[in-house]
Amino acid sequence: MAWFRRRKGEALAKGAAAPTKDDVRRARKHFEEFGRSRRGVEAFVEPATHVTATTVILIAHDGEWTRRAVPSREDAFKLATDLHLPTYDVNQTGYPQRMRDWNSRQRGR
């Protein structure tokens with residue numbers, strides 16, 4: 001199996017490409033639609049890790065959520081601000097309980 005032939009760290013080096021400005025345009029379009037079709041939407045900025053880029057997650061009043069990658073933390077806050085959404089840093093606030101509740105309900109289906 002190929003699992004054993006991989007060098008340590010190879011998967012991280014080949015990780016997903018950094019988001020481009022075109023990705024940001026698509027994320028904005030998706031977020032605009034999400035925000036229009038749901039109420040009580042708030043934005044949460046998630047920091048970049050060794051594996052993922054900075055992401056913005058939108059969470060509606062019922063806990064339904066969507067996530068998209070952006071190039072930087074500044075881009076994340078600018079995108080959320082441009083969409084006139086209340087914006088939070090997930091490192092400071094954590095995730096709202098309604099998101100965890102929604103995830104639990106989805107697993108039960």
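Pairs of residues two or more places apart, or lying in two chains, that qualify as salt bridge (charged side-chain N to carboxylate O under 4.0 Å, His left out) and include a residue from residues 94-106 are Glu42-Arg98.
By the side chain to side chain donor-acceptor pair (under 3.5 Å) test, Arg25 pairs with Asp22, sequence neighbours left out. Phe34 pairs by the ring-ring contact (aromatic ring centres under 6.0 Å, His included) definition with nothing, not counting sequence neighbours.
Under a hydrophobic clustering in which Ile, Leu, Val, Met, Phe, Trp and Tyr are joined whenever their side-chain heavy atoms come within less than 4.5 Å, directly or via other members, Trp102 and Leu58 fall into different clusters. With hydrophobic clusters built from ILVMFWY side chains whose heavy atoms lie under 4.5 angstrom apart, Tyr88 does not share a cluster with Phe77. Cluster membership for Phe44 and Val41, using ILVMFWY side-chain heavy atoms within less than 4.5 angstrom, is not shared. By the criterion of side-chain heavy atoms lying less than 4.5 angstrom apart, applied directly or through intervening Ile, Leu, Val, Met, Phe, Trp or Tyr residues, Trp65 is grouped together with Val90 in one hydrophobic cluster. Clustering ILVMFWY residues whenever any of their side-chain heavy atoms sit less than 4.5 angstrom apart, transitively, puts Ile59 in a cluster other than the one holding Phe31.
The pair Glu33-Arg36 meets the salt-bridge criterion, since a charged nitrogen lies less than 4.0 angstrom from a carboxylate oxygen.
Going from atom CD of Glu64 over to atom CG of Asn103 covers 10.5 Å, rounded to the nearest 0.5 Å. Atom CE of Met99 sits about 3.5 Å away from atom CD1 of Ile57, to the nearest 0.5 Å. Atom CZ in Arg67 sits 8.5 Å away from atom OG1 in Thr52 (nearest 0.5 Å).
Side-chain contact, Arg38 with His61: no donor N or O sits under 3.5 Å from an acceptor N or O.
Two residues are said to be in side-chain contact when any heavy atoms from C-beta on lie closer than 4.5 Å; Glu46 and Val56 fail this criterion.
When Asp82, Thr81, Asp75 are each tested for a side-chain hydrogen bond (donor to acceptor under 3.5 Å, both in side chains) with Lys78, only one passes: Asp82.
Residues Pro71 and Pro19 share a closest heavy-atom pair of CG-O, 3.6 Å. Counting all heavy atoms, side chain and backbone alike, Thr55 lies closest to Ala69 at CG2-CA, 3.8 Å. Here the closest non-hydrogen pair linking Ala18 and Asp23 is O-OD2, 4.4 Å. Here the closest heavy-atom approach between residue Asn91 and residue Pro47 is recorded as ND2-CG, 3.5 Å.
One N or O on the side chain of Thr87 and one on the backbone of Leu85 form a donor-acceptor pair closer than 3.5 Å.
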